[in-house]
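To start, the structure under review is shown below, and the notes come after it.
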Amino acid sequence: MENNKRIYMDYAATTYTKPEVLEEMIPYFTQEFGNPSSIYSLSRGTKKAIDLARERVAKVINCEPAEVFFTGGGSEADNWALKGIAFANKHRGNHIITTKIEHHAILHACEFLERNGFEVTYLPVDEEGKISIEDLKNAITDKTILVSIMYANNEIGTIQPIKEIGEICREKRIFFHTDAVQAVGHEKIDVKDMKIDLLSMAAHKFYGPKGVGVLYIRKGIRIDNLVHGGGQERGRRAGTENIAGIVGLGKAIELANENLEKEHERLSKLRDKLINGLLQVPYTRLNGPTGKDRLAGNVNVCFRFIEGESILLLLDAKGICASSGSACTSGSLNPSHVLLAIGLPHEIAHGSLRLTLGDRTTEEDVDYVLEVVPSVVQRLREMSPLWDDFLKKGDK
Ligand SMILES: *Cc1c(COP(=O)(O)O)cnc(C)c1O
């Protein structure tokens, strides 16, 4: 029996698509397949479906439907926000502020902009992964055109003080973008109240399909296109619409929002049980904050004296899907840039394990993981020369 067990604890990497979401998508592959740009009546249904999805998104984040633009996912939305704002506003300045713990979709886009005449400040974070408002204020110059700070971190779950950041940026007339890919569908977001100018999301992080996302762009903001071509998305994002994907995103965000508070509470409890259980393993530390400043489904710990990658292999053999560092960097020997930014030395950052919970996670799953992980860690430590050294010499 045990061999067939499969416990998915990598919801931050991607989620399954909910059956109700898939059901709404299917007709748009087989029957309602008309190109929304065509004028015959077959395409009327697809146009309406896109409008409905736009309204559903707008309602959840409190913006106008006309401020919602569909993209090919979270990475595209992030790239569009950064490059689009940078190139369209370079007459005003060439300075951008972000953080050291962003997703690579932001960091690599920033590096690209640095090679093209822009200057980027990467704000440090404290030991819990939070930026300091003072640092942000001090980093702003008269050349600053954009601040891009993620809503919640994908590795250690830290939620940033978004409203405060929004207020500072609005007052200084600097555009504020937030990569909210980990937060949408999980945290309550109000772009008006939080003074957010641009926001990225991706459907596959809230039980929608992969390959579709949104960039919210506040009305009146000057931004260049990223994808040039036809006149889709009111001339701002070319390419025949991914209708089924857009329909799925709309349905998924609506469902997530209906359940948000209840699921948040349920997951927070499971998360805390899992954290407390894992911290019983000797020489283990929690990465990221506790309580309300942490994503409800995020657990990230470091076990000293072992390698995260080897934990993953042994957990996989026990049917547990987990992650170490971020998906994009696994396979490389570099420890996570996020764990280094919160001040962990390389050797400790290497022993990280991220477990992210979601709507199919049960208390039995948590219990099973708590049964398996301590023995896996013990086994690996017994094979580890670092552990051996430590037992002989102690912490030197
Ligand atoms: C997953 C993720 C992305 C990338 O989204 P894709 O849809 O995979 O392109 C960007 N930012 C964060 C914080 C993420 O978690």
Side-chain angles (χ1 to χ4, degrees), residues 8-17 21 57 61 69-84 98-112 122-123 125 129-131 148-160 162 165 177-187 189 196 198-216 226-227 237 239 242 245-246 248-250 252-253 256 287-288 293-300 321-330 336-339 341 354-358:
Y8 185 74
M9 285 209 183
D10 204 15
Y11 283 84
T14 194
T15 64
Y16 70 94
T17 300
V21 170
V57 171
I61 63 169
F69 296 87
F70 293 108
T71 69
S75 298
E76 185 190 316
D78 284 345
N79 272 267
W80 185 11
L82 291 182
K83 296 174 192 172
T98 186
T99 79
K100 289 188 173 167
I101 62 162
E102 298 295 310
H103 189 274
H104 285 125
I106 296 288
L107 292 178
H108 291 170
C110 282
E111 286 164 21
F112 168 80
Y122 299 88
L123 295 176
V125 294
K130 257 200 230 142
I131 65 137
S148 178
I149 295 179
M150 71 198 318
Y151 199 109
N153 184 266
N154 46 306
E155 291 186 40
I156 60 173
T158 312
I159 297 172
Q160 301 294 342
I162 293 298
I165 298 168
H177 166 254
T178 186
D179 173 348
V181 173
Q182 289 291 330
V184 170
H186 308 282
E187 293 289 323
I189 298 178
I196 297 167
L198 304 113
L199 175 144
S200 307
M201 67 175 84
H204 74 109
K205 303 285 175 81
F206 51 84
Y207 310 99
K210 294 172 189 36
V212 60
V214 160
L215 183 64
Y216 148 76
L226 182 70
V227 182
R237 198 275 187 181
N242 172 7
I246 290 169
L249 186 150
I253 199 169
N287 300 315
D293 293 339
R294 184 180 196 107
L295 283 173
N298 176 285
V299 174
N300 190 312
C321 307
S323 129
S324 157
S326 63
C328 324
T329 46
S330 60
S336 135
H337 65 287
V338 176
L339 297 181
R354 180 185 76 175
L355 295 160
T356 44
L357 319 183

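Please read all numbers here as calculations on a predicted model, not as lab measurements. We count ligands from 1, going down the list as the structure has it; atoms in each ligand are counted the same way.
- Applying the salt bridge (Lys or Arg N to Asp or Glu O under 4.0 Å) test to R237 and every residue at least two apart in sequence or in another chain returns E76.
- For the pair D78 and A105, the tightest heavy-atom approach, listed with the atom from each and the gap, is OD2-CB, 3.6 Å.
- Within the model, atoms OG of S75 and NE2 of H103 stand 5.5 Å from one another, a figure rounded to the nearest 0.5 Å.
- Ordered by chain and residue number, the residues placing a heavy atom less than 4.0 Å from ligand 1 are G73, G74, S75, D78, H103, M150, N154, D179, V181, Q182, A202, H204, K205.
- Taken to the nearest 0.5 Å, the OG atom of S200 stands 8.0 Å off from the CG atom of L82.
- Partners of D10 under the side-chain contact (heavy atoms from CB on, under 4.5 Å) rule, at least two apart in sequence or in another chain, are Y8, A13, S323, R354, T356.
- Annotation: side-chain contact (heavy atoms from CB on, under 4.5 Å) contacts of T15 (sequence neighbours excluded): Y11, Y207.
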